[in-house]
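Per chain, numbering begins at 1; letters A, B, ... match sequence-line order.
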Amino acid sequence: MSETPEKETEAPRVSRNFIEVEIDRDLAQGRTKVVHTRFPPEPNGYLHLGHAKALCVSFGLARQYEGLCNLRFDDTNPSKEEDRYVNAIQKDVRWLGFDWQDRLYFASDFFEELYGFAQHLIEGGHAYVDDLGVEEMRAQRGGPNLVGTNSPNRDRPNQESMDLFGRMRAGEFEPGSVVLRAKIDMAHANLLMRDPVLYRIQDSAHHRTGRDWCIYPTYDMAHGQCDALEEISHSLCSLEFENHRPLYDWLVERLPIQNPPRQIEFSRLSLTYTLLSKRRLVELVEGGHVDGWDDPRLPTLQGLRRRGYTPESVRNFCARIGVTKVSSTAELFWLEDALREDQNRRAPRRLGVLDPLKVTIRTIDEGQSVVCQAVNNPEDADGGTRDLELTRRILIERNDFLEDAPRKFFRLRPEGRVRLRYGPILTCEEVIKDESGQVVELVCSHDERTFGGASVEGQKRVKGIIHWVSADKSVAAEVHLLEPLFMSENPGALEDWLGDLNPDSRRVISTARLEASLLASSPGETFQFERLGYFTRDASSPSDPPVFLRTVTLRDRWSKKG
RNA sequence: UACCCCGUGGUGUAAUUGGCAACACAUCUGGUUUUGGUCCAGACGUUUCAGGUUCAAGUCCUGGCGGGGUAACCA
């Protein structure tokens, strides 16, 4: 190691988020040697963008500190959890680019240990078995301004609780009739500390342990304990668990474990025009408001993947929004922009016309075709080129022609000139309309001298460049233009949030014509259709005609002004 | 009317932990460009309020105001 570090080689001082500050302190004080985090989904639903943030925080921090991050399924409520989610969640985590190596855990793997912890608490006089009913227990808990009442069973001898707890496990009691409770303080200002339930009886089959157990630990009894068993150093979770932290610490302190884990909470992600709540996503899917969990309009990871979002773009988005305790809402624009930034570098360019208007180029003979060389990606010097065939009949975008065009309209107008992308300059000579006055065709001439970007001495520079396809050589396709599912920025705040669904969230364009090379694309491949946006070939639609989904539009200064 | 957390440009964040408030995006202006894309340059604009401590407060203390969370045998 050189002892003469040069200024340039020193690590740049990056600003840290509040969790990094805490971790640095813990490391400096020797509280932990390695940073070991975990991502703890409950297998009762699919992952969405909110989980992506949590994934980026826990796996990202572990990577950054050269530590470890486990994947742990928090499966302590058999009535809600199913195996099918387990595989889908793993697939999504991998897709996002995170690897738990051999550290895949299930809370249910630790049921025996957790049972032992419960016995340990009973022995220490920190927990007791209570057979108060649900209703009575709720009544005795009190409220914000009302202290709770001690259960008559609170001072049951430890041995008696131990015996009853054993009989709970043995299945001697009905579900709901008996629970194990922590013995803390029924007058505590934090309601969670008023003798919370630690174990309850459930008679549903567990997706992994089947009928081995009829008692299950609650979240509070399981989470910190699993953290400890997996030797987690930092247990990162969202803000709504802040009130649980005193209970987390209380339990962890009373268990026979060496390095207590530490819970740190950060704010969850909110996104404009989007809903990120498991419950509401379920309603959208089950209510038939979308096509399924992988509907490209959904913020599920499956939906984002199908829509053409790349893992890089999602991770970059998460990096941009940062990690804080402020409940804030990110602009949907940021997510879209992260995709643009990623795809601008990588996506091959192609030409396609969504709403075709016929153009006859008078100066090209029937049957003749002129080869135009098109750059595949101006951002990628190694991207190569491809040939486009310019023929007598081509198609341009209907909105690239205007009869009464405003001054700053750079596209085609009667008598006007425009350049065909990768092709020559066209002059509009004739506008043909049908009986109803609708423009059905343009007759143009092209200028041989203007191929290859050349301009002609003495002529006014042509500002407009439009995309096009050959009418004969192009292929038909279906294109889906996707808009936000909701019309208001914060649909979650609405009483009738389903009434806010955007009726135009998916516009199916069946008139699209694309350059022929796109026929050979494979499902999931992404492209930039020049001037229109980034598109991906849908993997879940029939391939004839091929279906392309627009992931996001390009930024567009013109339409923004209009 | 209980408890916990949070308030920094339009938005999202930063400020070496008490020392000249900065970065990105957005917006506006100009330049480059065979995508009204990309890229480059510049401009605009910020500490919720009132007290207090201090030579010095975005940062610490008290109070107000505003926002979020919490009363499941869910996680």
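- Going from the C1' atom of U59(B) to that of A75(B) covers 35 Å, rounded to whole Å.
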Under a 4.0 Å heavy-atom criterion, the protein footprint on nucleotides 69-75 of chain B, written with B, S and -, is BSBSBSB
Distances for protein N or O near nucleotides 44-48 of chain B N or O, under 3.5 Å:
none

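- Take His244(A) and apply the ring pair (Phe, Tyr, Trp, His ring centres under 6.0 Å) test, not counting sequence neighbours, and it matches Tyr219(A), Phe241(A).
- In RNA chain B, runs of at least 3 consecutive Watson-Crick or G-U pairs, each pair with both distances below 3.5 Å, span B:2-7 with B:65-70, B:10-13 with B:22-25, B:27-31 with B:39-43, B:48-52 with B:60-64.
- Only the C1' atoms considered, U62(B) is 11 Å distant from U53(B), to the nearest whole Å.
- A distance-only check finds no donor-acceptor pair linking the side chain of Arg550(A) to the backbone of Phe548(A) [under 3.5 Å].
- For the OP1/OP2 pair of G36(B) and a distance below 4.0 Å, the side-chain nitrogens and oxygens of Arg531(A) include at least one atom meeting the criterion.
- Across all strands, Gly452(A) comes closer than 4.0 Å to base atoms (heavy-atom distances).
- Here Arg16(A) does not reach the OP1 or OP2 of A15(B): none of its side-chain N or O atoms lies under 4.0 Å away.
- For Thr450(A), the side chain to side chain contact (heavy atoms under 4.5 Å, CB included) criterion is met by Arg419(A), Pro424(A), Ile425(A), Asp447(A), Val456(A), not counting sequence neighbours.
- With sequence neighbours excluded, the residues satisfying side chain to side chain contact (heavy atoms under 4.5 Å, CB included) with Thr149(A) are Gln140(A).
- Under the salt bridge (Lys or Arg N to Asp or Glu O under 4.0 Å) criterion, Arg346(A) pairs with Glu312(A), Asp342(A), not counting sequence neighbours.
- For Arg340(A), no side-chain nitrogen or oxygen approaches OP1 or OP2 of U38(B) to under 4.0 Å.
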Which pairs of donor and acceptor atoms, one on a side chain in residues 327-337 of chain A, lie under 3.5 Å apart (sequence neighbours left out)?
unit_1	atom_1	unit_2	atom_2	d
Asp337(A)	OD1	Arg340(A)	NH1	3.3

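- Evaluation of the side chain to side chain contact (heavy atoms under 4.5 Å, CB included) rule for Ala139(A) yields no partner, not counting sequence neighbours.
- Judged as a salt bridge (Lys or Arg N to Asp or Glu O under 4.0 Å), and not counting sequence neighbours, the contacts of Lys325(A) are Glu242(A), Glu265(A).
- Taking atom CG of Asn344(A) as the reference point, atom C1' of C39(B) lies 9 Å away to the nearest angstrom.
- For G36(B), its base sits under 3.5 Å from the side chain of Arg411(A) at one donor and acceptor pair at least.
- Of the P atoms belonging to G12(B) and U8(B), the separation is 8 Å, rounded to the nearest Å.
- Between the side chain of Arg345(A) and the base of U38(B) there is no donor-acceptor pair of N/O atoms closer than 3.5 Å.
- Side-chain N or O atoms of Ser58(A) include none that pairs as donor or acceptor with a backbone N or O of Leu55(A) at under 3.5 Å.
- Leu351(A) has its CG atom 16 Å from the P atom of U34(B), to the nearest Å.
- Residues meeting the ring pair (Phe, Tyr, Trp, His ring centres under 6.0 Å) test with His467(A), sequence neighbours left out: none.
- Using P as the reference atom, C5(B) and C39(B) are 42 Å apart when rounded to the nearest Å.
- An OP1 or OP2 oxygen of U27(B) is reached within less than 4.0 angstrom by a side-chain nitrogen or oxygen of Arg555(A).
- Nucleotides C3(B) and G63(B), compared at atom P, are 11 Å apart to the nearest Å.
- A distance of about 40 Å separates the C1' atoms of G67(B) and G36(B), rounded to the whole Å.
- With its glycosidic angle within 90° of 0, U17(B) is assigned syn.
- A donor-acceptor pair under 3.5 Å links the side-chain atoms of Glu397(A) to the main chain of Leu354(A), judged by distance alone.
- Taking the salt bridge (Lys or Arg N to Asp or Glu O under 4.0 Å) definition, one finds that Asp26(A) meets it with Arg262(A), sequence neighbours left out.
- Separation of the C1' atoms belonging to G45(B) and C23(B) is 14 Å when rounded to the nearest angstrom.
- Comparing the same atom, C1', in G9(B) and in U47(B) gives a spacing of 10 Å after rounding to whole Å.
- Residue Trp334(A) and nucleotide G12(B) are not classified as a stacked aromatic pair, given the requirement of ring centres less than 5.5 Å apart at an interplanar angle below 30°.
- Within the 4.0 angstrom heavy-atom criterion, no nucleotide atom of any strand lies near Ser79(A).
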